Each structure stands twice: as structure tokens, then as C-alpha cells.
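In what follows, a single structure is set out as C-alpha cells and then discussed.
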Amino acid sequence: PNEYETTIGLYYVLIEQRRYQEARKLLDELAIDDVWRRFEIETQKGWWLLFSERLEQGRVHFEHLVNQAGANLGARQGEAMAHLWQGWPGEALLRLDAIRARNEYYVPAQIGRVSALLNLERNREARDEAEKLAALYSDNKHAQNALRATDIRYMREVAANLSVSDYDRG
């Protein structure tokens, strides 16, 4: 398919269904002359690497994109999430805060920031931010999931140990 919007829409559906190989094939088949759309395709290739659990490759890919276009928030977001998913929440938070300094209304970075804060055990701060996001963006499933993630941190855990024995001392 050569229709950009249709193909990208199908790509997102395949990613949601975790059909990563088919999604990557669609990206590889796109032939676009527009520079911005080509950059968007490169950004999606980075996300594809992350979703495919090729975290190191994805991080390197996004670092390259940030070097090419440092003002692009999507590339910066991908780089931050690669750090988070690799287990470096402090690095991720630094990058997400840099995004927020550029554009405080960029929702993906706000949601990523909640995840980074949770990973850093800054649960109260994460909860406060998640509540604000969920209230402002009630139709954004990622904002709602961020709130649920903070709810899980506050759930009480009950553990019961039971044992049964047929041993009779009598």
C-alpha cells in the first residue's frame, strides 16, 4: 500500500495485536518522498524495535534520530522509553523532564514520566501526576493505564500460609 495514513493506521493495529513482523513489513514497504513522513517512519521503526524487545537496538536507533532532529519530541520520547524499559528509570526521567521543559503539554512524555517515577519508587508523586492526567485526558487509554499502575502500587497485599497434615500424634 502507498497511502500513508492507511498504512500507518494498519501498522498501529498490527502493533496493538502484537503482530510485529507484519507491522515491520508494512513500514519497510512504504515509499514516501516527504521528509517528515520518512522521519515518522524511522521513529516507528524505533518503536518496533522496542516492542520487539530489541531494547538496545531501539535505544541506539532513537539516539541516532535525536542526533538528527533534536527538537523532535517523538524521537526524544522513544529514547527516554528505551532507557526506562532497559531498567534505567533515572536516565529516562531526565530525558522526560527535558521533553517537558520543551513542551509541558506533550502527553506521551507525561505518561512516561509516571512510569519512570513508579520505577524510582516515587509513588506519591507518580500518583498525583497520574490523577491529573486521567482527569484531563479521560479518553486516553494510556493515561488511564498510568493511573491503574499507580493504583496497583497502593493495593494491599494479603498472604496466607496454610498447611494440612494427616499426622496424628495419638
Side-chain angles (χ1 to χ4, degrees), residues 4-5 7-20 23 27 36-37 39-158:
Y4 178 79
E5 288 83 8
T7 303
I8 287 296
L10 181 56
Y11 164 79
Y12 288 133
V13 168
L14 292 172
I15 288 293
E16 284 291 319
Q17 294 176 348
R18 299 176 190 257
R19 293 165 53 188
Y20 301 125
L27 289 180
W36 296 111
R37 287 189 172 175
F39 192 85
E40 173 63 22
I41 291 167
E42 286 304 312
T43 303
Q44 291 308 319
K45 286 180 181 178
W47 283 107
W48 179 86
L49 288 166
L50 296 182
F51 293 142
S52 299
E53 297 183 16
R54 297 174 182 167
L55 301 179
E56 180 65 19
Q57 288 175 294
R59 183 183 59 77
V60 169
H61 185 83
F62 277 116
E63 285 175 354
H64 175 71
L65 293 179
V66 167
N67 287 336
Q68 281 185 326
N72 185 286
L73 299 182
R76 287 186 172 276
Q77 173 74 16
E79 180 187 30
M81 296 312 289
H83 282 288
L84 180 63
W85 294 351
Q86 283 187 298
W88 303 329
E91 281 293 318
L93 187 60
L94 287 173
R95 284 164 170 73
L96 292 163
D97 284 344
I99 293 170
R100 188 166 71 171
R102 287 179 173 268
N103 182 347
E104 65 182 293
Y105 302 107
Y106 187 65
V107 178
Q110 293 176 31
I111 294 168
R113 193 168 191 285
V114 170
S115 296
L117 289 169
L118 285 173
N119 279 284
L120 290 167
E121 300 295 330
R122 291 167 54 181
N123 297 334
R124 181 77 256 163
E125 191 177 347
R127 174 79 180 167
D128 292 344
E129 288 195 27
E131 285 176 345
K132 289 177 194 171
L133 284 172
L136 284 171
Y137 306 103
S138 60
D139 59 340
N140 185 316
K141 75 175 186 174
H142 301 292
Q144 300 305 317
N145 287 341
L147 180 59
R148 271 189 224 102
T150 63
D151 286 342
I152 289 169
R153 291 287 171 113
Y154 282 100
M155 283 184 181
R156 297 180 193 265
E157 183 177 323
V158 176

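A quick note: this is a predicted structure, and the numbers were derived from the prediction, not measured. We use all heavy atoms of the structure for the numbers below, so side chains are in, but hydrogens, waters and symmetry mates are not.
- Rounding to the nearest 0.5 Å gives a distance of 10.0 Å between CD of Glu42 and CZ of Phe62.
- Atom-to-atom distance recorded for Gln57:CD and Trp48:CH2 is 8.0 Å, nearest 0.5 angstrom.
- Residues Arg124 and Asp128 are paired through a salt bridge, judged by an N-O separation under 4.0 Å between the basic side chain and the carboxylate.
- Residues Leu117 and Leu93 are in side-chain contact: their nearest non-hydrogen atoms beyond the backbone lie under 4.5 Å apart.
- Sequence neighbours left out, the pairs with a member in residues 96-107 that pass side-chain hydrogen bond (donor to acceptor under 3.5 Å, both in side chains) are Asp97-Arg113.
- Between Trp85 and Trp47, the ring planes are perpendicular. Angles over 60° get that label, and only those under 30° would be called parallel.
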For residues 66-79, which side-chain N or O atoms pair as donor and acceptor with protein atoms under 3.5 Å away, sequence neighbours left out?
unit_1, atom_1, unit_2, atom_2, d
Asn67, ND2, Glu63, O, 3.3
Asn72, OD1, Gly74, N, 3.0
Asn72, OD1, Ala75, N, 2.8
Arg76, NE, Gly70, O, 2.4
Arg76, NH2, Gly70, O, 3.2
Gln77, OE1, Ala109, N, 3.2
Gln77, NE2, Pro108, O, 3.1
Glu79, OE2, Arg95, NE, 3.4

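- Between Leu49 and Leu55, the closest side-chain pair of non-hydrogen atoms is not below 4.5 Å.
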- So Leu133 and Leu147, side-chain contact (heavy atoms from CB on, under 4.5 Å) or not? Walk me through it. CA-CA 8 Å; Leu133 284 172; Leu147 180 59; over 6 Å; no
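- Atom OG of Ser52 and atom CZ of Arg18 lie 11.0 Å apart (nearest 0.5 Å).
- With sequence neighbours left out, Glu131 forms a side-chain hydrogen bond (donor to acceptor under 3.5 Å, both in side chains) with Arg127.
- Rounding to the nearest 0.5 Å gives a distance of 9.5 Å between CG of Leu120 and CD of Glu125.
- Ala82 is linked by a side chain to side chain contact (heavy atoms under 4.5 Å, CB included) to Leu50, Arg59, counting only residues two or more places apart in sequence or in another chain.
- Taking His83 as the reference, Trp88 meet the ring-ring contact (aromatic ring centres under 6.0 Å, His included) condition, with sequence neighbours excluded.
- A heavy-atom distance below 4.5 Å is not found between the side chains of Leu84 and Leu96.
- Judged purely by atom type and a 3.5 angstrom limit, Gln144 has no side-chain atom pairing as donor or acceptor with the backbone of Asp139.
- Across every non-hydrogen atom of Val114 and Ala130, the tightest pair is CG2-N, 3.9 Å.
- In this structure, CD1 on Ile41 lies 10.5 Å from OH on Tyr11, to the nearest 0.5 angstrom.
- In this structure, the side-chain hydrogen bond (donor to acceptor under 3.5 Å, both in side chains) partners of Arg148, at least two apart in sequence or on a different chain, are Asn145.
- In this structure, the separation between CD1 on Ile152 and CG on Asn123 is 12.0 Å, given to the nearest 0.5 Å.
- With respect to the salt-bridge test (charged N to carboxylate O, under 4.0 angstrom), the residues Glu40 and Arg37 do not qualify.
- Considering all non-hydrogen atoms of both residues, Ala92 and Ala80 come closest at CB-O, 3.3 Å.
- The number of heavy atoms from other shown groups lying within 6.0 Å of CD (Glu56) is above 12.
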